[in-house]
Amino acid sequence: MYRYYINCNNWKPTRDEWLYATRCITKTELERIDKFVFQRDAKFALAGQLLIRYLLSRALKRTSSSFEVKRTERGRPFIESTTKFDFNLSHHNQLVCIAGTFDGLIGCDTMEYQVNSKPRESIESLTNLLRREFTKDEYNFILNRTEDEKKRFAHFHRLWCLKESYVKWLGYGIGFTLSRLNFCIKTEDFNRDDSKQVLSDTKLEIDNKLIDEKLRFDEQIIYLPDNEQQIITLCLSDKNNCEPFIELTISEILEGCTPLDENKQDEEIWWIHFQGKQLK
Ligand code: COA
Ligand code: MG
């Protein structure tokens with residue numbers, strides 16, 4: 001299987017990088033990206049599209065431009081292929097990540113785990129606001145295990161990411177009743193001394209019943225610059241190897257992508273539009 005991420009936070013695209021990247025993805029996706037108001041959102045969405053093509057090219061050993069990437073009615077990207085291959089993308093905070101497998105379906109989600117910026121609201125008010133999305137045990141896991149506010153936020157994000165990874169595995173999108181899912185976390189804390197640690201002992205109950213053992217949840221912390229931490233969670237078949245994510249650079253991804261036939265030459269307009277977007 002394949003697990004890749006890129007830290008997009010400090011990527012300041014050059015004109016050449018941006019224009020080459022825009023040639024490697026479809027017009028439909030470009031037009032979607034072009035509508036974002038903020039540079040950050042456009043940058044993360046473009047990196048996501050490139051990462052999808054990079055991954056497909058690596059896994060299926062064809063040029064990145066040879067794939068027709070479609071979306072389901074619910075927006076989930078996929079390819080039609082005789083070799084069954086599934087992938088899923090997630091972007092949040094500093095990272096864009098992707099995982100792909102030949103063994104069953106995959107759901108991927110990422111979120112902040114520990115950040116330096118001061119939260120806008122307390123963990124109590126956030127958890128209470130979203131009270132309906134959590135089971136009683138999950139609620140206790142967030143608020144009643146520790147007094148440490150940072151750890152309580154981390155627990156909140158860990159559970160949220162688990163729920164999202166399952167919903168994304170399903171391909172469902174918004175509307176799934178998240179409180180039907182009860183995640184039983186066995187290993188409460190990650191080991192800071194083992195930066196490549198992948199926890200896979202978290203279990204899921206749906207409607208109070210433990211699910212089929214064949215599904216596994218792999219959780220990993222990415223230790224970012226500035227002492228920040230971000231979690232990546234995968235929902236996948238237990239036939240997959242348990243392995244850590246690999247970090248890629250934007251140059252590596254661009255080198256692995258080829259322009260689509262429909263985008264024969266640079267179109268300056270995409271760069272002009274990107275430069276005109278607001279900075280966050
Ligand atoms: N299922 C799986 N993956 C999907 C998807 C779906 N239905 N729809 C889109 N995706 C993929 C896409 O690649 C998308 O990125 P792209 O649009 O740039 O290609 C990516 O997942 C987005 O994932 P992520 O970056 O983790 O964003 P998110 O966590 O905000 O959104 C969704 C994930 C799309 C599944 C989300 O909209 C959602 O429906 N969540 C369900 C849970 C819920 O109700 N949450 C409430 C939040 S308050
Ligand atoms: Mg997400």
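As the structure is a computational prediction, the values presented were derived from the model and not from experiment. Counting convention: from 1, in listed order, for ligands and their atoms alike. Values reported hereafter were calculated over all heavy atoms of this structure, with side chains retained and with hydrogens, waters and symmetry mates removed.
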Check your understanding: Between His157 and Tyr113, is the gap from one ring center to the other below 6.0 Å?
Key ->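 No; Tyr113 has its ring centre 6.0 Å or more from that of His157.
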Number the atoms of ligand 1 from 1 as they appear, then name those within less than 4.0 Å of a heavy atom of [X], with their elements.
{"X": "Arg74", "answer": "5 (C), 6 (C), 7 (N), 8 (N)"}
{"X": "Gly173", "answer": "7 (N), 35 (C), 38 (C), 39 (O), 41 (C)"}
{"X": "Gly171", "answer": "1 (N), 6 (C), 7 (N)"}
{"X": "Pro77", "answer": "10 (N), 11 (C), 12 (C), 13 (O)"}
{"X": "Arg32", "answer": "16 (P), 17 (O), 18 (O), 19 (O)"}
{"X": "Gln49", "answer": "19 (O)"}
{"X": "Val167", "answer": "41 (C)"}
{"X": "Leu89", "answer": "13 (O), 15 (O), 19 (O), 20 (C), 21 (O), 23 (O)"}

Practice item. Determine whether the side chain, the backbone, both or neither of His92 has a heavy atom under 4.0 Å from any heavy atom of ligand 1. Key: neither
Practice item. Answer with side chain, backbone, both or neither: which part of Asp109 has a heavy atom less than 4.0 angstrom from an atom of ligand 1? Key: side chain
So which protein heavy atom does [atom] come closest to, and at what separation?
{"atom": "atom 19 (O) of ligand 1", "result": "Arg71 NH2, 3.0 Å"}
{"atom": "atom 46 (C) of ligand 1", "result": "Trp160 CZ2, 4.0 Å"}
{"atom": "atom 3 (N) of ligand 1", "result": "Asn88 ND2, 3.1 Å"}
{"atom": "atom 18 (O) of ligand 1", "result": "His91 NE2, 2.9 Å"}
{"atom": "atom 4 (C) of ligand 1", "result": "Arg76 CA, 3.8 Å"}
{"atom": "atom 39 (O) of ligand 1", "result": "Ile174 N, 2.4 Å"}
{"atom": "atom 23 (O) of ligand 1", "result": "Lys168 NZ, 2.7 Å"}

Taking NZ, NE, NH1 and NH2 as the nitrogens, is one of them in [X] or [Y] under 4.0 Å from a carboxylate oxygen of the other?
{"X": "Lys163", "Y": "Glu133", "result": "no"}
{"X": "Arg216", "Y": "Asp218", "result": "yes"}
{"X": "Arg23", "Y": "Glu267", "result": "no"}
{"X": "Lys27", "Y": "Glu262", "result": "no"}
{"X": "Asp238", "Y": "Lys214", "result": "no"}
{"X": "Glu124", "Y": "Arg152", "result": "yes"}
{"X": "Asp86", "Y": "Arg76", "result": "yes"}

When you measure from [atom] to the protein, is at least one non-hydrogen atom found at a distance under 4.0 Å?
{"atom": "atom 30 (O) of ligand 1", "result": "no"}
{"atom": "atom 21 (O) of ligand 1", "result": "yes"}
{"atom": "atom 34 (C) of ligand 1", "result": "no"}
{"atom": "atom 14 (C) of ligand 1", "result": "no"}

Review point. Should the ring pair Phe274 and Trp18 be called parallel, tilted or perpendicular, given that the plane angle runs from 0 to 90° and is split at 30 and 60?
Key: parallel
Review point. Which of parallel (below 30°), tilted (30 to 60°) and perpendicular (above 60°) describes Phe217 and Phe183?
Key: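 It falls in the perpendicular class, over 60°.
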Check your understanding: Heavy atom of Glu29 under 4.0 Å from ligand 1?
Key ->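 In this structure, Glu29 fails to qualify as a contact of ligand 1 - no heavy atom is under 4.0 Å.
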Exercise for review: Run the contact test for Met111 against ligand 1 with a 4.0 Å cut-off on heavy atoms, strictly below, and give the result.
Suggested key: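 Distance cut 4.0 Å: Met111 fails for ligand 1.
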Would you say [X] has more than 12 foreign heavy atoms packed within less than 6.0 Å of its [atom1]?
{"X": "Asn208", "atom1": "CG", "value": "no"}
{"X": "Glu268", "atom1": "CD", "value": "yes"}
{"X": "Asp261", "atom1": "CG", "value": "no"}

Practice item. Answer yes or no as to whether an N/O/S atom of Asp109 is found below 2.8 Å from the Mg ion (ligand 2). Key: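 Given the 2.8 Å cut-off, Asp109 counts as a ligand of the Mg ion (ligand 2).
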Exercise for review: Using heavy-atom distances, let me know which of Cys108, Ser90, Gly75 sits nearest atom 9 (C) of ligand 1.
Suggested key: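 Looking at heavy atoms only, Gly75 sits closest to atom 9 (C) of ligand 1.
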Check your understanding: To which of Glu133, Glu164, Glu73 does the heavy atom nearest atom 32 (C) of ligand 1 belong?
Key ->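 Residue with the shortest heavy-atom distance to the ligand atom: Glu164.
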Practice item. Identify whether NZ of Lys or CZ of Arg in Arg40 sits under 6.0 Å from the centre of the six-membered ring of Phe44 and within 45° of that ring's axis. Key: yes
Review point. Within 45° of the six-membered ring axis of Phe67 and under 6.0 Å from that ring's centre, is NZ or CZ of Arg53 located there?
Key: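 That pair does not qualify as a cation-pi contact.
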Exercise for review: Could you tell me whether Ile52 and ligand 1 have an N or O pair separated by under 3.5 Å?
Suggested key: no
